[in-house]
Number of protein chains: 4
Amino acid sequence: MGKAIKRIGVLTSGGDAPGMNAAIRAIVRTCSYHEIECMGIFRGFQGLLDGDFEVLGPRDVNYIINKGGTILKTARCKDFRNPEGRKLAYNNLKSAEIDALIVIGGDGSFTGAMVLSKEFDIPVMGIPGTIDNDIHGTSHTIGFDTALNTVVDAVDKIRDTASSHKRLFFVEVMGRDAGHIALNAGIGAGAEEILIPEENMGLERLLDSLKKSKKSGKSSSIVLVAEGERIGKNVFELGEYVEENLPEYEVRVSVLGHMQRGGAPSCFDRVLASRLSVKAVESLLEGKSNFMVGLLNDQVALTPLEQAVKGHSPIDKELLRVSDIITI
Amino acid sequence: MGKAIKRIGVLTSGGDAPGMNAAIRAIVRTCSYHEIECMGIFRGFQGLLDGDFEVLGPRDVNYIINKGGTILKTARCKDFRNPEGRKLAYNNLKSAEIDALIVIGGDGSFTGAMVLSKEFDIPVMGIPGTIDNDIHGTSHTIGFDTALNTVVDAVDKIRDTASSHKRLFFVEVMGRDAGHIALNAGIGAGAEEILIPEENMGLERLLDSLKKSKKSGKSSSIVLVAEGERIGKNVFELGEYVEENLPEYEVRVSVLGHMQRGGAPSCFDRVLASRLSVKAVESLLEGKSNFMVGLLNDQVALTPLEQAVKGHSPIDKELLRVSDIITI
Amino acid sequence: MGKAIKRIGVLTSGGDAPGMNAAIRAIVRTCSYHEIECMGIFRGFQGLLDGDFEVLGPRDVNYIINKGGTILKTARCKDFRNPEGRKLAYNNLKSAEIDALIVIGGDGSFTGAMVLSKEFDIPVMGIPGTIDNDIHGTSHTIGFDTALNTVVDAVDKIRDTASSHKRLFFVEVMGRDAGHIALNAGIGAGAEEILIPEENMGLERLLDSLKKSKKSGKSSSIVLVAEGERIGKNVFELGEYVEENLPEYEVRVSVLGHMQRGGAPSCFDRVLASRLSVKAVESLLEGKSNFMVGLLNDQVALTPLEQAVKGHSPIDKELLRVSDIITI
Amino acid sequence: MGKAIKRIGVLTSGGDAPGMNAAIRAIVRTCSYHEIECMGIFRGFQGLLDGDFEVLGPRDVNYIINKGGTILKTARCKDFRNPEGRKLAYNNLKSAEIDALIVIGGDGSFTGAMVLSKEFDIPVMGIPGTIDNDIHGTSHTIGFDTALNTVVDAVDKIRDTASSHKRLFFVEVMGRDAGHIALNAGIGAGAEEILIPEENMGLERLLDSLKKSKKSGKSSSIVLVAEGERIGKNVFELGEYVEENLPEYEVRVSVLGHMQRGGAPSCFDRVLASRLSVKAVESLLEGKSNFMVGLLNDQVALTPLEQAVKGHSPIDKELLRVSDIITI
């Protein structure tokens, strides 16, 4: 076991997600509770290279639990991929007397943290913060629940106009590699079909399904499409293709875009962020390192970062079946 | 003056807007208050041609004041542009013993109502329902206020992620011919620049303004773009152009799309819809015809439909100036 | 095992909760998927006694997934506690050829279902629908997540005014017997203290904590109080007591009340309701009876109704500790 | 005319209201636009006495346009009512080289500003900021529109549970002296009756109205009650009285409370606050003093503070009539 930890650094990295500020707040205050210091590192790994640090006390994180985004900012950092970059980062940590590092982000961010930890023997801990929910070792990532509510709220609005005009809408949501948002929000919004990267239903089955939907007496339809769906057409091409092949439908397309990343976090995400963050700090103080703190079976649980990065976060096939049944 | 009105028909036409249901509810109940009948006509003028009518009583419009969309549905109708189509419509009205017609919609819908009224001497009244606020004779159209809140709420979310990443966002909002949404929501969302159909600021001034904005120390920026802006590039081209010419900016584009038309109406829109609708029914009962009921100087006021259709609804230059000043 | 099930009855009972409509929709459609009929029973057990039934098809539950409340209504029913009442209920079920019953509600509702099932050998299934989350056999009841977001959103608003005036607010939330809402929403809203039925912190410790909070430099404070807290004073008396004993605080009290039961359900509650409901219908079709369908370890799971009714749903002590730490 | 103004002080006073931050932001930036300084004064008139000032530049008001409350805080101040207090205030203004003062608040705040201006010849300007909308000289006060949406959103939630249980709810909203909130939100929320300070409908008429409402087939009812209604009973007594006299109703009471003051301002309030604030600064620079900047006939307009304070802001009788008609 290493020396006693007196100062912990924290950074947010990758895409921002609602609840990151709740995590930062909890980390800062847990440090204070255990009478150690917390150092905020700005703009992710880039700030590590630039030495862009600031001591954060309990009052510096007042009134941020309900704010979207991240007060520490986030950025991409190419230089951190080079050994020289990481050497510089480590030197900055050392100069600032930071004894351990907590990284809030996704897979890529965790990989960065692991490499740094291996090369320079600094304790690190990961907290899963991304709206995509595509991280192994946790049932929920911070921001996922909020993004679902944002999507469902937007699709509820689109449903108003879809049903007034008796239209078919293709709505694209985030999820380049994972369909968690599309699948859950699709069920929540009552989408007639859901297209996700994990399953290629094929164009024929889509057309069949939409024909059946029309016949069943539905006057409007929503198809929720994950960015990374693999049907072979982007969402605009898909809309055109369907309108050509199913002239009984008037088709519209909407891409929800970046608003999915923002907004006040849901209660679920605030509580999740708080729980994971307390555990992250306390695990470091117990001498642990190289773990991700996640939620498994409703309990806070540690997963080795290496597993978290390599593992998959498959979609729940039961949900696909539920969706099929209840859109009859 | 014509014969006593015993039954009034109501239809919604054109794009749907939040608050249309509040208007339908108020029309139905005002009819009931004055002991006449109200007949709902489905799918706009198309329903007029199809005889798609249903008597609506006060209890049929329970619990709809807070619902987006329109329970009467809306649709385009080509056949209504032909004299034969309108003849058919009139015959249907006559068969159903509908003595007068209220049309909730925009310019196009009002024109249809006027022509029908001229050709067949049936009393008509227009109520401005569109999110675009581009109708002469009313300071606010039904749905405009709600759409502003929807846009501002979405841009608040985008701001979270924009400021976390220090990015520049171009956000496209509705408004093909009018910049009311972009201008008001731009001020409300604190947009650094606002591009509207009524003003072509030119690419050079846009670049200058964004450069200045960066220099002033702002870490993120939002440009609100109305669909119909006249700078000569669509919003995606615009984003690319700016990224090429201002490499200091990381640019993203978001098109808010159809969610702007839906959602629970704001209190303002519910009250507005109720006020205009009571007046529409009572004006018909007083023997008036061919007017639009609007809000002028905070008072319900009638404008001849002909003027409403021909007139302009210019943007308020004071607002442009306010926007320039407060985004310094 | 009994005879084949051809028609399932469904009722909602007890306090209504957001997501009940999503459950009704999923039950109706799962019945349709398995080609059996679904019969809606209005006003809970009272409707069972009154024979207030209506066949529900897939299109009858369009556009209700996002509506708060319950389209089947709910009511208290004294007569169902008498054998005569239950006999009448059973006869009505038999006349209507209802072969099995699904009850959406809480403990009391489940007890009613169990008794009926024992006395008349009719298969029953329970689905936990209540905002209080106080049911054994499920980590989440339908409506709990939505209520948390409603409370947190309201307290965020109160925080705005609390911090502008530097005040201390006591905010009472629902929870007569269980502190789940207060505890989770308290963490989510950043409440300085949380008073719940499961723990009596005592007046002295409350005063100490508030004194400490003031000293730590906080300018405003929120104390979240569950209805059933056991400190011995109601929330208004508590406010007065604190104001008398801590003159440095200006105290206000707010009772959130019934708005906590309403509103559009969160995505979480819609998905939860859909999953549990599919399972409830399919379990009946598999010949199972007298179970509650819940969520355990993120998986849909059956618990005998008898256990569900007798068991406890204790608060998570970890959450109390998290709350203590992060409000430092 | 006085000397050139080089530094303007701004304070918020009285109850906070959503949009006050949007006003502060616009004042700071308009000062910057005109190349003068802005000095923020904390905690209202109390801060004036304490010399609690801080120079605010354009970047100090980033990201506050969408925040409820007031970053300048607000407080009551008894000492300002004494000549000695005001003398001290003036001396502090002079020491800080503040040449003019903008007060954002209500009647009481304006009176304070006027007295100070008279006694010490310092130019003052008032901006109406209160959710109550009870100020003469403006059709809308800053915060009113947001409060209406907050109330309507809460009552929509209560309606969900009211209609599920077929109950009658008495919902108390803010408005000690004025019924603007109750009247407008009552129409917007579809309240069956509205009790306001300006009209005493009497208990008999209330009972009659509720009886009629029941007979008309409505299954749930909402009565919106302004704090200052004059029927002679508080809202809880009223609920009991009605339950005793109309046993066909199951009555519940909800007091919305302080959440009505908070929350992100609506687009309307943000635009209103921005417009009034630009005008307030520019009017001072033109040498004007002792005016309130308001909105009249949709245009920014000045009203002498003396008139603003003395005048009434009567409710619109047309709205009462609209409410009667559409709740039939």
Side-chain angles (χ1 to χ4, degrees), chain A residues 12-18 20-21 42-44 46 66-76 129 131 143 146-147 150-151 153-167 169-172 174 219-220 222 236 250 252-265, chain B residues 12-18 20-21 42-44 46 66-76 129 131 143 146-147 150-151 153-167 169-172 174 219-220 222 236 250 252-265:
Chain A
T12 49
S13 173
D16 62 315
M20 282 186 162
N21 281 329
F42 288 82
R43 291 173 303 117
Q46 187 63 48
N66 61 342
K67 302 289 183 289
T70 157
I71 62 164
L72 291 179
K73 312 292 179 190
T74 175
R76 287 187 205 145
I131 63 168
T146 304
T150 301
V151 170
D153 186 53
V155 181
D156 282 354
K157 289 188 170 73
I158 292 174
R159 178 75 75 178
D160 284 341
T161 187
S163 75
S164 296
H165 287 273
K166 307 201 171 183
R167 282 171 176 163
F169 267 86
F170 286 84
V171 181
E172 186 187 285
M174 285 193 168
S219 63
S220 71
I222 306 274
F236 293 100
E250 194 187 334
R252 291 289 183 277
V253 172
S254 187
V255 176
L256 291 189
H258 279 80
M259 58 171 286
Q260 294 168 77
R261 291 205 178 285
Chain B
T12 50
S13 171
D16 63 312
M20 282 185 164
N21 280 329
F42 288 83
R43 291 174 303 116
Q46 187 63 51
N66 61 341
K67 303 289 185 287
T70 158
I71 60 165
L72 292 179
K73 313 295 180 186
T74 175
R76 286 186 205 145
I131 63 168
T146 304
T150 299
V151 171
D153 187 53
V155 180
D156 282 355
K157 288 187 170 73
I158 291 173
R159 177 74 78 178
D160 284 341
T161 188
S163 75
S164 296
H165 287 272
K166 306 196 171 184
R167 283 171 176 164
F169 267 85
F170 285 84
V171 180
E172 186 186 284
M174 286 192 167
S219 62
S220 71
I222 305 274
F236 294 99
E250 195 187 334
R252 291 290 182 279
V253 171
S254 189
V255 176
L256 291 189
H258 280 80
M259 59 172 286
Q260 294 168 79
R261 291 206 179 283

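Hydrogens, waters and symmetry mates are skipped; everything else that's a heavy atom, side chains included, is used. Numbers restart at 1 for each chain; the letters A, B, ... are given by sequence-line order, proteins then strands.
Between chain B and the options A/Ala17, A/Ala75, A/Ser163, heavy-atom pairs under 4.5 Å are most frequent for A/Ser163. Each of B/Asp156, B/Asp160, B/Leu72, B/Thr161 has some count of heavy-atom pairs under 4.5 Å with chain A, and the biggest count is that of B/Asp160. Counting heavy-atom pairs closer than 4.5 Å to chain B, the top residue among A/Ser254, A/Ala154, A/Gly68 is A/Gly68. When each of B/Met20, B/Lys73, B/Arg252, B/Arg76 is scored by its heavy-atom pairs under 4.5 Å with chain A, the top score falls to B/Lys73.
Judged by distance alone, with hydrogens and angles left aside, the side-chain atoms of B/Ser164 form a donor-acceptor pair with the main-chain N or O of A/Thr70 at under 3.5 Å.
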Ignoring hydrogens and angles, write down the donor-acceptor pairs under 3.5 Å from the side chains of residues 255-265 of chain A, residues two or more places apart or on other chains.
from, atom 1, to, atom 2, distance (Å)
A/Gln260, OE1, A/Met174, N, 2.9
A/Gln260, NE2, A/Gly257, O, 2.9

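With a 4.5 Å cut-off on non-hydrogen atoms, A/Arg43 touches chain B through its side chain but not through its backbone. Residue B/Thr12: no heavy atom, backbone or side chain, is found under 4.5 Å from chain A. Both the backbone and the side chain of B/Asp16 come within contact range of chain A, with heavy atoms under 4.5 Å apart. Contact annotation for A/Thr74: both backbone and side-chain heavy atoms come within less than 4.5 Å of a heavy atom of chain B. Proximity to chain A is absent for every atom of B/Lys67, based on heavy atoms less than 4.5 angstrom apart.
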